[in-house]
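Shown next, in structure tokens, is the structure this report addresses.
Whatever order the structure lists them in is the order used to number ligands and atoms, beginning at 1. Just the heavy atoms: all of them, side chains too, but no hydrogens, waters or symmetry mates, feed the values below.
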Amino acid sequence: MLVLGIETSCDETAVAVLRDGETLLSNVIFSQVDIHNKYGGIVPEIAGRCHIESIHHVVRQALEEAGVRLADIDLIGVTEGPGLVVSLIVGINAAKAIGYASSIPVLGINHLEGHLLAIFLQEKVAFPFLALIVSGGHTDLVRADAVGQYRVIGRTRDDAAGESFDKVAKMLGLGYPGGPLIEKLGQGGNPTAHAFPRSMLVNGNFDFSFSGIKSAVRRHLEKNSDWNTCEKLQADIAASFQEAVVDVLIKKCLHAAEREGLERLVLTGGVAANGCLRDRMFSEAQKQGFTAFAPDPVFCTDNAAMIASAAYLRHSAQLNGTPLMQLDAKSNLSF
Ligand code: KG4
Ligand code: ZN
């Protein structure tokens, strides 16, 4: 079975071809990062226009690289939300047009379910498991009992983890997206140099809050105006900030897994590309008797392979999606 995945929820125009849910034949990602970088963040109008200009080429390239024709495709999976409406609508309309013209069924996919099921591109993790989805817009702890059966047991009350990386990077005068830049800067730094707050660790629920860490970094920069005179000072701030975020994510995730009686953990979403978070998750999970999984970094950040994977798994589980002509952008879609 050949699935064409289409993902345009934010600033990546991505298309992938997946065979039988396990053999990835192509995974094309056209990133707009260089275009948005000069504005210090994503400009929705520009993102939408870029998707319109590139979707056609990216679909063609994905088919060519996979060595298949449109007529060979059995199912199209497309992100229907959450995300930017002006971005989502481009992928959705492309999927509708292709599906209608070529009589191929189209399945609307929740972007977060795509992140959650990305791991199946590499390993068939047995249900049930606990997923920690950490991205630019979400920080969700989700209990997954089967494909399509999810329960959110914790989420952020303010900034998402990735958003806090992006905002702190901006304060430090780094570019966008901030996560990889903070990680790189922090590599030479001391993660214990500054004790930034670990918010909401003791109150026994599984929600997160990252705005306190971000504000503490801002106050620190205001009080220590020499921070930008020395690379070592900047590296210490980046490493200490990252350490605080990672600490909270890991501790909450492991507590939640224990409370839910789950043995397997799946770390996913753009922030899961972070080496420090991955290493700590793998080692601490193992120490406490859990098994942790994380997709390779290329499948953590936005991509269409995960959307194809989710479409394949939902189709195999005989779960219906929105009928083709009613598919529309759902900017606030959640689990
Ligand atoms: O999943 P994703 O690609 O897009 C959304 O669905 O939001 O996640 C993007 C987020 C951005 O906030 C970015 O800064 C963060 O993931 N990110 C990272 C790393 N790579 C991407 N954060 C920390 N360390 C990284 N290496
Ligand atoms: Zn994402």
Side-chain angles (χ1 to χ4, degrees), residues 5-14 16 27 29-33 36-37 40-42 44 47 78-84 87-88 91 109-119 131-140 142 155-156 159-172 174-187 189 191 210 213-214 238-239 241-250 266-281 294-307 309-310 331-335:
I6 300 179
E7 151 64 38
T8 64
S9 67
C10 194
D11 61 339
E12 265 98 22
T13 317
N27 186 31
I29 303 172
F30 173 70
S31 171
Q32 304 170 6
V33 154
H36 296 285
N37 206 345
I42 295 165
V78 62
T79 306
E80 61 176 347
L84 300 170
S87 292
L88 289 164
I109 297 294
N110 181 329
H111 181 82
L112 297 168
E113 185 176 22
H115 277 305
L116 189 146
L117 296 174
I119 189 64
L132 173 60
I133 305 173
V134 270
S135 70
H138 293 81
T139 306
D140 290 347
V142 183
R155 56 167 45 124
T156 186
D159 294 342
E163 191 180 358
S164 73
F165 270 92
D166 295 335
K167 287 179 175 170
V168 167
K170 206 166 186 175
M171 288 178 212
L172 291 169
L174 307 172
Y176 176 87
L181 299 166
I182 296 252
E183 180 175 14
K184 191 160 173 244
L185 179 62
Q187 268 157 12
F210 293 104
I213 306 180
K214 174 193 69 186
F241 161 74
Q242 180 175 266
E243 186 76 358
V245 174
V246 167
D247 259 0
V248 174
L249 289 174
I250 305 257
V266 171
L267 175 65
T268 188
V271 182
N274 184 281
C276 175
L277 176 60
R278 298 171 75 88
D279 292 348
R280 286 269 309 278
M281 180 63 99
D296 288 347
V298 68
F299 301 128
C300 287
T301 47
D302 286 351
N303 66 86
M306 69 184 195
I307 302 303
S309 174
S331 61
N332 293 320
L333 192 63
S334 63
F335 278 117

Is there a donor-acceptor contact under 3.5 Å from the side chain of [X] to the main chain of [Y]?
X	Y	value
S164	D159	no
T79	H111	no
E12	E7	no

> Is it the side chain (CB and beyond), the backbone, both or neither of H111 that lies under 4.0 Å from ligand 1, heavy atoms counted?
Replying inline: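 Just the side chain.
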
> Under 4.0 Å from ligand 1, counting heavy atoms only, is it the side chain of H138, its backbone, both or neither?
Replying inline: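 Under 4.0 Å from ligand 1, H138 contributes no heavy atoms.
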
> Looking only at non-hydrogen atoms, which of C300, G179, G269 approaches atom 18 (C) of ligand 1 most closely?
Replying inline: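 Selected option, by shortest heavy-atom distance: G179.
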
> From the Zn ion (ligand 2) out to just under 2.8 Å, does an N/O/S atom of C10 turn up?
Replying inline: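 Checking the Zn ion (ligand 2) against C10, no N, O or S atom falls under 2.8 Å.
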
Does the side chain of [X] reach to within under 4.5 Å of the side chain of [Y], using non-hydrogen atoms?
X	Y	value
P295	C300	yes
F299	T268	no
V134	L277	yes
F165	Q242	yes
I182	L172	yes
T13	Q32	yes

Any N or O of [X] that comes nearer than 3.5 Å to an N or O of ligand 1?
X	value
T301	no
F165	no
H115	yes
G270	yes

To which protein heavy atom is [atom] closest, and what is the distance rounded to 0.1 Å?
atom	answer
atom 26 (N) of ligand 1	E183 OE1, 2.8 Å
atom 2 (P) of ligand 1	D302 OD1, 3.3 Å
atom 24 (N) of ligand 1	N274 ND2, 3.0 Å

Enumerate the atoms of ligand 1 whose separation from the nearest heavy atom of [X] is less than 4.0 angstrom.
X	value
G136	5 (C), 7 (O), 8 (O), 9 (C), 10 (C), 12 (O)
D166	11 (C), 12 (O), 13 (C), 14 (O)
G162	12 (O)

> What is the OD1(D302)-the Zn ion (ligand 2)-NE2(H111) angle, to the nearest 10 degrees?
Replying inline: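 The angle at the Zn ion (ligand 2) comes to 100°, rounded to the nearest 10°.
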
> Does even one non-hydrogen atom of G137 get within less than 4.0 Å of ligand 1?
Replying inline: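 Yes; G137 lies near enough to ligand 1 that a heavy-atom distance drops under 4.0 Å.
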
> Which heavy atom in G114 sits nearest to a heavy atom in I109, and how many Å separate them?
Replying inline: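 So the two residues come closest at N-CG2, 4.4 Å.
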
